[in-house]
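Contents: one structure, followed by commentary.
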Amino acid sequence: MADKLTPRSENFSEWYNQLVLKAELADYAPVRGCMVVRPYGWALWENIKEALDKRFKETGHVNAAFPLFIPMSFLEKEKQHVEGFSPELAVVTHGGGKDLEEPLVVRPTSETIIGYMYSKWIKSYRDLPVLINQWGNVVRWELRTRMFLRTLEFYWQEGHTAHATEEEAREETLRMLDVYADFAINEAAVPVIKGIKSESEKFAGAVMSTTIEAMMGDTKALQSGTSHFLGQNFAKAFDIQYLDENNTLQYAWTTSWGLSTRFIGAIIMTHGDDQGLILPPRLAPIQVVIVPIFRKEAEKAAVMEAVDRVHAELKAAGVRVKVDDRDNVTPGFKFNDWELRGVPLRVEIGPKDVQKNSVALARRDMPGRAGKSFVPQEGIAATVQQMLDTIHDNLLARATAFRDSHIFDPQDYAELQETLKEGWAFSWWCGSAECEAKVKEDTKATTRCIPFEQPEGSGKCIVCGREAQQKVYFARAY
RNA sequence: CGGGGUGUGGCGCAGUUGGCAGCGCACCGCGUUUGGGACGCGGGGGUCGUCGGUUCAAGUCCGACCACCCCGACCA
């Protein structure tokens, strides 16, 4: 169950794969490219869902559920959309033992079917805005798959909104990107950069795509959430029209935004170390594990009394806590086991602690002796909660420092190529697709985003040397 | 779809010249252990990826197929 994990520094990719399996987040399914999300992984996803859902509700959104099957013809109504998605569609041609009249696409995303419904529901400016989110699964027939990062089927949330004006829809797009960034930073301790996708990187059918980009432990970039301004593209394709105050027929303006189980990959690759997973305290399914330690039966009663008392106290304070009372493995084994699983804080209670009315605390973000401290049982709940916050802050600070120390400002194209082997480049870019394509061809790195935060002035494009008005992040990406 | 690799108890693997299918881990039982991955003894578990061929005899040789993993072109 818990034999040695390949060190992260030795082989990042192998480390990731082993970790997902050993920490029991997920397992391979009998179908290529599909995964089973195991209870521990799903509990993590449930906490992600909860944190996001709360934010969606606070910003006025409601949940609904749209069907898994979409008529093939719907996908074809928006030109860019069908071009973008047709290579990766799963199509159902049979049902109930018969050929279907029209093939059904297993949704790769739901803009089309939701657009169709919105055209039925929206008649007047009084019906707007429509702010609906859906939690569900989608299928994209990817060629190359990896657990959580890219699987044929994945779980996500997709928000779909319709507005009376362009301005309002653009505001919504940015508002939800802010929600994602707030979630990533304050719940997952994953630092992200907000920005706009280039034309070649944007969502099929969008006018503008925005993204939060995070740097993984191997310095590759991961798009961790996206929010799209769809203009009137889908409104025109699906005839989403309303009468305005002046009794004039207008097309609505729509947005969509999504964050998927891929984010679990972001958490793993941002925080994990050679010992295994490190889960951010606010999302961890188990925030604190209590390991009882005793030699003889005589010691057991006193130790367990203290364990039960601390357990009850933490539970009452709302801490997600588990007592590891397995009697077939040693405490040493348990330490390693829970470290592998990324539990942020461990409480050890043994005979010495019973004597001194103390417990040993071991924080996961600081392995070994450095992360151990001995604290009184008195006021344990407050101590633990404070420690969980400290761990969150430390994880965020550490990840931010790592990222910032791997973002470079190359001075010429040769330097850019070198830079992209060991981090990101933040460079002036003229905006042309040719320059973007050249970098991709030479380095495999793509533009990740044009960040909202831009320096003053202008510069020369790192590729072609022409005048450039904006800086962009180049990086190898997942 | 191109390149590489692997299919043998749950997992990781060994299996020589074709001749009784093995080892480690995990699992079950008992006992001793328990503050950083415990130990002893005793157990259970396999139509060797599939199909076909060669042979007295195939995990092993030959052929075909299938699956999965890794690396590339596309993507949340």
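In this text, all values refer to a predicted model and were calculated from it rather than measured experimentally. Sequence lines set the chain letters: A, B, ... in the order given, protein chains first and strands last, and positions in each chain run from 1.
For G42(B) and G36(B), the C1' atoms lie 30 Å apart once the distance is rounded to whole Å. Nucleotides U47(B) and C1(B) place their P atoms 32 Å apart, quoted to the nearest Å. G45(B) and G7(B) have their P atoms separated by 25 Å, with the value rounded to a whole Å. Using P as the reference atom, U33(B) and C39(B) are 15 Å apart when rounded to the nearest Å. Here, G52(B) and G12(B) have their C1' atoms 31 Å apart, quoted to the whole Å. For the C1' atom pair drawn from U6(B) and C11(B), the interatomic distance equals 15 Å after rounding to whole Å. Here the separation of G15(B) from G29(B), taken at their P atoms, is 34 Å to the nearest Å. For the P atoms, the distance linking G5(B) with C62(B) amounts to 16 Å, nearest Å.
M366(A) places its CE atom 17 Å from the C1' atom of G36(B), with the value rounded to the nearest Å. Distance, E88(A) CD to C1(B) P: 17 Å, rounded to whole Å. For N11(A) and C70(B), the CG to C1' distance is 10 Å, given to the nearest whole Å. Rounded to an integer number of Å, the gap from L143(A) CG to C1(B) C1' is 8 Å. Between E348(A) atom CD and G37(B) atom P there is a gap of 12 Å when expressed in whole angstrom units. Look at CZ on F203(A): it is 16 Å from C1' on C74(B), rounded to the nearest Å. As a whole-Å value, the separation of L152(A) CG from A76(B) P is 15 Å. One atom, CZ of R326(A), and another, C1' of C27(B), lie 15 Å apart when rounded to the nearest Å.
Under 3.5 Å, the side chains of N186(A) and R282(A) contain no donor-acceptor pair of N or O atoms. A donor-acceptor pair shorter than 3.5 Å can be found between the side chains of H228(A) and S209(A). Defined by atom type and a distance below 3.5 Å, a donor-acceptor pair is present between the side-chain atoms of D324(A) and W338(A). Under the 3.5 Å distance criterion, with hydrogens and angles disregarded, no donor-acceptor pair is assigned to the side chains of T6(A) and N11(A). For the 3.5 Å distance criterion, the side chains of T219(A) and R476(A) qualify, holding a donor opposite an acceptor. Between the side chains of D442(A) and Y413(A), at least one donor-acceptor pair of N or O atoms lies under 3.5 Å.
Note on L149(A): a base of the nucleic acid sits closer than 4.0 angstrom, heavy atoms only. Across all strands, G350(A) comes closer than 4.0 Å to base atoms (heavy-atom distances). Among the protein residues, E339(A) comes within range of the nucleic acid bases, having at least one heavy atom under 4.0 Å from a base atom. If you check every strand for non-hydrogen atoms under 4.0 Å, T151(A) touches a base. Backbone-only contact: Q223(A) has heavy atoms under 4.0 Å from sugar-phosphate atoms and none from a base.
Side-chain nitrogen and oxygen atoms of S13(A) include none within less than 4.0 Å of the OP1 or OP2 phosphate oxygen of C69(B). For K444(A) and A73(B), the shortest distance from a side-chain N or O to OP1 or OP2 is below 4.0 Å. One finds a side-chain N or O of R144(A) lying less than 4.0 angstrom from the OP1 or OP2 phosphate oxygen of C71(B). OP1 and OP2 of U34(B) both lie 4.0 Å or more from every side-chain N or O belonging to N328(A).
When both distances must be under 3.5 Å, the Watson-Crick or G-U wobble mate of C65(B) is G49(B). Using the Watson-Crick or G-U wobble rule with both distances under 3.5 Å, C27(B) pairs with G43(B). Across the strands present, A38(B) finds its partner in U32(B); the criterion is a Watson-Crick or G-U wobble pair with both atom distances under 3.5 angstrom. Across all strands shown, the partner of G19(B) is C56(B), judged by Watson-Crick or G-U wobble contacts whose two distances both fall under 3.5 Å.
Contacts between residues 68-76 of chain A and RNA chain B, defined by a heavy-atom separation below 4.0 Å, involve no residue at all. Within a heavy-atom distance below 4.0 Å of RNA chain B, the residues of residues 261-300 of chain A found are R262(A), I293(A), F294(A), R295(A).
You'll find the ring centres of H81(A) and F234(A) inside the 6.0 Å limit.
With sequence neighbours left out, K79(A) forms a salt bridge (charged side-chain N to carboxylate O under 4.0 Å, His left out) with E83(A).
Here A76(B) is the nucleotide among A76(B), G35(B), C74(B) with the atom lying nearest to any side-chain atom of T226(A). Nearest to the side-chain atoms of N17(A) among the listed nucleotides C70(B), G35(B), C74(B) stands C70(B). With G37(B), G35(B), C70(B) as the choices, the nucleotide that has an atom nearest any side-chain atom of P351(A) turns out to be G35(B).
Figure legend: K194(A) and F452(A) shown without cation-pi pairing, the cationic atom not lying both under 6.0 angstrom from the six-membered ring centre and within 45 degrees of its axis. Figure legend: R448(A) and W429(A) shown without cation-pi pairing, the cationic atom not lying both under 6.0 angstrom from the six-membered ring centre and within 45 degrees of its axis. Annotation: cation-pi pair R346(A)/F335(A) present, NZ/CZ under 6.0 Å from the ring centroid and within 45° of its normal.
When each of V354(A) and K440(A) is assigned the nucleotide of RNA chain B bearing its nearest heavy atom, the one mapping closer to the 5' terminus is V354(A). Residue whose closest nucleotide on RNA chain B sits further toward the 5' end, between G258(A) and K372(A): K372(A).
At least one side-chain heavy atom of H61(A) sits less than 4.5 Å from a side-chain heavy atom of E172(A).
For a distance-only test at 3.5 Å, the side chain of D353(A) qualifies as a donor-acceptor partner of the base of G35(B). The base of G36(B) is paired with the side chain of R346(A) by a donor and an acceptor separated by under 3.5 Å.
Looking at R364(A), its side chain never comes within 3.5 Å of a backbone N or O of L279(A) through a donor-acceptor pair.
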